[in-house]
Each structure stands twice: as C-alpha cells, then as structure tokens.
Amino acid sequence: MARARGERDRVFVTLGTLQYGFLASSNSRPHRAALGHVAFTNQAGVVFGANSPKPNRATKEITATNIVSSFCDPGREAALKADDWVINGGGRRRGIARTPRSRSVFVDMGTYNYAWNLTADEQQHMQILGIEFASGSTPALVWGSTPKPPRATRKINGRVVSTFIRPDRTVVTAAENAGWSISDPFGVLPEET
C-alpha cells in the first residue's frame, strides 16, 4: 500500500547533538507531538538533507487506507512502540574511509562537523583550509547536509583544486592570502569585524 504524502512541512527531530531537518508529509501532522517533530521556523543549527546520520522511522497503520510513516525523535521511540508504532532501524550512520586514495575529513560548522572524503592529492591543502581527518571518535559527523561549508578553489600546477573550507574568518583570510578563491553560497561565514 502506498503512503499518502500530500503537502509537506519543514520539521526537525533531535538526533544526539544534531537537529535533523526534513520534509514531513501532511498526514503525519496529527502525530507530530508523538513523533517528536518540531516545526522548523528558521532555528539556527538545523541541517537538512543529511545522508548520514539519519534517525529511525516510525510507521503505523491508522486506518486501512492511512499509513503514517516518518522519522522520529529517538527519545520518543519507547512511547511510540507502546502505542503500536513500528520502529524501523533505518537510521543510517556512514563509516569512515581510510584508503590509499581517499580519507574522510571534516570541518567544524559550529554545532556539527561537516564530513566528506578527500583524495590523497587534495590532502596536502588541509592545514591552510582548516580541514581535519575524521576518526571514529570525531563527534557529530554529518555527511551531505545543507548548509554546506564554503568552497575554496585554486589553480595549482595547471589543475583546478576545489574543496570545502572551514567557515572561520581567520582560516578564510589565510586561504585568500595564499591565492584561494572562497565561495559562500549559504552565508555560513561569520561577518567581518
């Protein structure tokens, strides 16, 4: 049976230290409190579109023609189970890459660490761009979310190098002084003082 999606609302749930934002279907509106959904009204620190981590999904057949399925706040799972919701362990956590060709890295975004994989050639630019190697103990790694960090681009030895940079004014200034161009499409850089 297909799920009815209808209109979608921007909401978020708390996933550890992460505020995980997503579009919730209109048929989940009557169940938002039970699911732990909070309406998104431009709160700072909410990330949308993260590939990892993801919260678990709660599903319940309300009527023969109405099945509600949505992400849920981990703190609400016990109460949801007691109310006959099925919790699917679809919460995703991405592993750390450490190969000769690429390594997982991150930049500090303030409330979470934005992670991606960096090639061996690009790793030589990590220090100037404020990039750090990720490990299993790195807290709050988020993969593929919005907002994204600013992007640093520079032509080196006839080749264009483009990757993310830590959204810190001191790091950005040092990179610009070293010949990097910085783009900030989501406005995550702090204002200059």
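A donor-acceptor contact shorter than 3.5 Å is absent between the side chain of Arg76 and the backbone of Leu35. Thr138 places a side-chain N or O within donor-acceptor distance of the main-chain N or O of Ser135, the cut-off being under 3.5 Å. The main-chain N or O of Lys60 is never found under 3.5 Å from a side-chain atom of Asp84 such that the two would form a donor-acceptor pair. Glu77 places no side-chain N or O within 3.5 Å of a backbone atom of Cys72 that could act as its donor or acceptor partner. At distances below 3.5 Å, not a single donor-acceptor pair connects side-chain atoms of Lys54 with backbone N or O atoms of Asn51.
Linking ILVMFWY residues whenever their side-chain heavy atoms come closer than 4.5 Å, directly or via other members, places Phe133 and Leu129 in the same cluster. Hydrophobic cluster membership differs between Ile67 and Val86, with clusters built from Ile, Leu, Val, Met, Phe, Trp and Tyr side chains linked at under 4.5 angstrom. Under the 4.5 Å side-chain heavy-atom criterion for grouping Ile, Leu, Val, Met, Phe, Trp and Tyr, Trp143 is not connected to Val46 through any hydrophobic cluster.
Across all their heavy atoms, Leu80 and Ala58 have their closest contact at CD1-CB, 4.0 Å. Closest of all the heavy-atom pairs between Ala24 and Val11 is CB-CG2, 3.7 Å. Taking all atoms of both residues into account, the shortest heavy-atom contact from Ser69 to Arg57 is OG-CD, 3.0 Å. Across every non-hydrogen atom of Gly36 and Asp73, the tightest pair is CA-CB, 3.9 Å. The two residues Ile128 and Ala174 come nearest to each other via the heavy atoms CD1-O, 3.9 Å. Heavy atoms only, all atoms of each residue included: His37 and Ser28 are closest at CE1-OG, 4.2 Å.
Remark: Thr111 engages no residue in a side chain to side chain contact (heavy atoms under 4.5 Å, CB included) (not counting sequence neighbours). Partners of Asp108 according to the side chain to side chain contact (heavy atoms under 4.5 Å, CB included) rule, which considers only residues two or more places apart in sequence or in another chain, are Asn113, Arg166. In this structure Trp116 satisfies the ring pair (Phe, Tyr, Trp, His ring centres under 6.0 Å) test together with Phe164, sequence neighbours excluded. Legend: residues meeting side chain to side chain contact (heavy atoms under 4.5 Å, CB included) with Ile156, ordered by chain and number and at least two apart, are His125, Arg154, Val161, Trp180. Under the rule for a side chain to side chain contact (heavy atoms under 4.5 Å, CB included), the partners of Val172 that lie at least two apart in sequence or sit in another chain are Ile165, Arg169, Glu176, Ile182, Leu189. Here Arg32 pairs with Asp9 under the salt bridge (charged side-chain N to carboxylate O under 4.0 Å, His left out) rule; sequence neighbours left out. Looking at residues two or more places apart in sequence or on another chain, you find a side chain to side chain donor-acceptor pair (under 3.5 Å) between Thr119 and Glu122. Legend: residues meeting side chain to side chain donor-acceptor pair (under 3.5 Å) with Gln43, ordered by chain and number and at least two apart, are Thr41. For Phe71, the ring pair (Phe, Tyr, Trp, His ring centres under 6.0 Å) test picks out Tyr20, Phe22, with sequence neighbours left out. Scored by the ring pair (Phe, Tyr, Trp, His ring centres under 6.0 Å) test, Phe48 finds Phe40 as partners (sequence neighbours excluded). For Thr14, the side chain to side chain donor-acceptor pair (under 3.5 Å) test picks out Gln19, with sequence neighbours left out.
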Next item on the list: Go through Val105 and Glu132 one step at a time and tell me if the side chain to side chain contact (heavy atoms under 4.5 Å, CB included) criterion holds.
Entry: CA-CA 5 Å; Val105 296; Glu132 300 177 55; over 6 Å; no
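Taking 4.5 Å as the limit, every side-chain heavy atom of Val47 sits out of range of all side-chain heavy atoms of Tyr114. Using a 4.5 Å heavy-atom threshold, the side chains of His31 and Ile62 count as touching. At a threshold of 4.5 Å between non-hydrogen side-chain atoms, the residues Val142 and Ser52 do not count as touching.
The only option from Ser183, Ser181, Ser162 that meets the side-chain hydrogen bond (donor to acceptor under 3.5 Å, both in side chains) definition with Arg151 turns out to be Ser162.
For residues 98-107, the pairs satisfying side-chain hydrogen bond (donor to acceptor under 3.5 Å, both in side chains) are Ser104-Asn117, with sequence neighbours left out.
Between the CD1 atom of Ile131 and the CG atom of Leu118 there is a distance of 5.5 Å, given to the nearest 0.5 Å. Expressed to the nearest 0.5 Å, how far CE of Met109 lies from CG of Asp168 amounts to 12.0 Å.
Counting non-hydrogen atoms of neighbouring residues, nucleotides and ligands closer than 6.0 angstrom, the CD atom of Gln127 reaches no more than 12 such neighbours.
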